[in-house]
**Student:** 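Sharing a structure with you now.
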Amino acid sequence: LAPYLSSEEVPPNHLETTLTFAVIPTRDNQETRTVFFGQIGDSPIFVLSGGKWQTVSRTINDEPDQSDSDDETILDSTTQGFQGTESLLIGSKDLLDSEVLLLATDGVGNFILSGEEPLAAGNYFANEWRQPPPELKFINDLTFDFSTADDDRTAVVCWFNRHQFDSDE
């Protein structure tokens, strides 16, 4: 366990977190909506469209090249957090009611795509999450086991027009 430190001994940047958010306006009887999003850190945003994932925001693989940095930075895997960052990605995207929005931590997002190429977990999620799965199945989906998958697992999935799936429940 981590040693106890008083608040004076802990630099504020050691207490930071990443931030990914989306503002999704409600729309009645319209096929598209504009989703507004923002991101600080390594928790990506994806859209599932036509059975394929598309990256809406950058992922860890898209971070700037650190090859010119000193050795300490090269070995540092720390992600910039909310309070100390110098960059905030914000934007908007028009989405169809048939599309699925995914906000994920890197423990899920890093296994969706590599660049534009789908990964095994990404293919599986594209099939399973094209419509809302039962709650326990969704939880089970997030328990995938890869030797490199040892990070947090958070996924917020938005199906915009749940009524289109009512007949499947």
Side-chain angles (χ1 to χ4, degrees), residues 13-27 32-66 76-162 164-165 168:
N13 66 333
H14 288 191
L15 302 174
E16 293 194 90
T17 186
T18 61
L19 172 69
T20 301
F21 65 88
V23 178
I24 306 168
T26 58
R27 298 274 191 247
T32 64
R33 72 187 71 232
T34 301
V35 174
F36 303 92
F37 61 87
Q39 177 194 19
I40 297 171
D42 60 355
S43 297
I45 303 171
F46 300 96
V47 170
L48 179 61
S49 182
K52 297 183 187 283
W53 292 109
Q54 302 168 0
T55 304
V56 173
S57 66
R58 68 177 179 260
T59 63
I60 191 109
N61 297 332
D62 299 326
E63 292 295 320
D65 181 19
Q66 303 261 337
D76 185 3
S77 64
T78 304
T79 300
Q80 284 193 327
F82 180 68
Q83 296 175 5
T85 191
E86 295 179 9
S87 64
L88 165 65
L89 173 69
I90 56 173
S92 64
K93 184 166 180 63
D94 290 334
L95 298 178
L96 299 171
D97 268 353
S98 60
E99 294 176 315
V100 178
L101 181 68
L102 168 63
L103 289 80
T105 56
D106 58 331
V108 175
N110 287 353
F111 299 94
I112 302 285
L113 295 173
S114 177
E116 294 183 24
E117 292 299 314
L119 299 173
N123 284 331
Y124 176 81
F125 297 148
N127 185 55
E128 298 300 314
W129 296 353
R130 67 188 184 283
Q131 63 186 27
E135 292 88 356
L136 292 177
K137 175 154 186 359
F138 181 77
I139 292 167
N140 190 56
D141 287 347
L142 294 173
T143 64
F144 59 91
D145 186 22
F146 298 133
S147 61
T148 58
D150 60 357
D151 207 348
D152 47 18
R153 307 272 177 92
T154 302
V156 177
V157 185
C158 304
W159 295 273
F160 300 116
N161 184 0
R162 290 187 62 108
Q164 68 186 348
F165 304 113
D168 295 329

**Student:** Looking at every heavy atom in both Gln39 and Gly41, which two are closest together, and how far apart are they?
**Tutor:**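 Scanning both residues, the minimum pair turns out to be NE2-O, 3.3 Å.
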**Student:** Of all residues at least two apart in sequence or in a different chain, which pass the ring pair (Phe, Tyr, Trp, His ring centres under 6.0 Å) check with Phe138?
**Tutor:**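 Phe138: ring pair (Phe, Tyr, Trp, His ring centres under 6.0 Å) contacts with Trp129.
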**Student:** Going through the distances and angles, do Phe160 and Val35 end up as a side-chain contact (heavy atoms from CB on, under 4.5 Å)?
**Tutor:** CA-CA 11 Å; Phe160 300 116; Val35 174; 4.1 Å; yes
**Student:** Check whether any side-chain N or O of Thr20 sits under 3.5 Å from a backbone N or O of Ser43 as a donor-acceptor pair, and report yes or no.
**Tutor:** yes
**Student:** Heavy atoms, side chains only, cut-off 4.5 Å: are Trp53 and Thr55 in contact?
**Tutor:**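 SC-SC contact between Trp53 and Thr55 ruled out.
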**Student:** How close do Pro25 and Arg33 get, heavy atom to heavy atom, and via which atoms?
**Tutor:**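 That closest heavy-atom pairing would be O-NH1, 2.9 Å.
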**Student:** Which atoms form the tightest heavy-atom contact between Ser92 and Phe36, and what is the distance?
**Tutor:** CB-CD2, 3.6 Å
**Student:** Would you say that Phe125 contacts Phe46 through its side chain, given a criterion of any heavy-atom pair below 4.5 Å between the two side chains?
**Tutor:** no
**Student:** Could you report the tightest heavy-atom contact between Gln54 and Ser49, atom names first, then the distance?
**Tutor:**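 Residues Gln54 and Ser49, closest heavy atoms: NE2-CB, 3.8 Å.
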**Student:** Going by salt bridge (Lys or Arg N to Asp or Glu O under 4.0 Å), name the residues that satisfy it together with Lys137, two or more places apart in sequence or in a different chain.
**Tutor:**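 Salt bridge (Lys or Arg N to Asp or Glu O under 4.0 Å) list for Lys137, sorted by chain: Glu128, Asp141.
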**Student:** For Leu142, does the CG atom sit with more than 12 other heavy atoms under 6.0 Å from it, leaving out its own atoms?
**Tutor:**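 Atom CG in Leu142 is crowded, with more than 12 foreign heavy atoms closer than 6.0 Å.
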**Student:** Provide the closest heavy-atom pair for Leu89 versus Ser57 in the form atom of the first, atom of the second, distance.
**Tutor:** CD2-CB, 3.5 Å
**Student:** Locate the shortest heavy-atom distance separating Thr18 from Ile40; write the atom from each residue and the value.
**Tutor:**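 Taking every non-hydrogen atom into account, CB-O, 3.3 Å.
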**Student:** Can you tell me which residue among Leu119, Asn123, Leu102 is in a side chain to side chain contact (heavy atoms under 4.5 Å, CB included) with Ile112?
**Tutor:**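 Checked Leu119, Asn123, Leu102 against Ile112; only one passes side chain to side chain contact (heavy atoms under 4.5 Å, CB included): Leu102.
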**Student:** Residues two or more places apart in sequence or in another chain: which of them pass side-chain contact (heavy atoms from CB on, under 4.5 Å) with Thr32?
**Tutor:**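 Result, side-chain contact (heavy atoms from CB on, under 4.5 Å) vs Thr32: Leu96.
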**Student:** Any sub-3.5 Å donor-acceptor pair from Thr105's side-chain atoms to Thr154's backbone N or O?
**Tutor:** yes
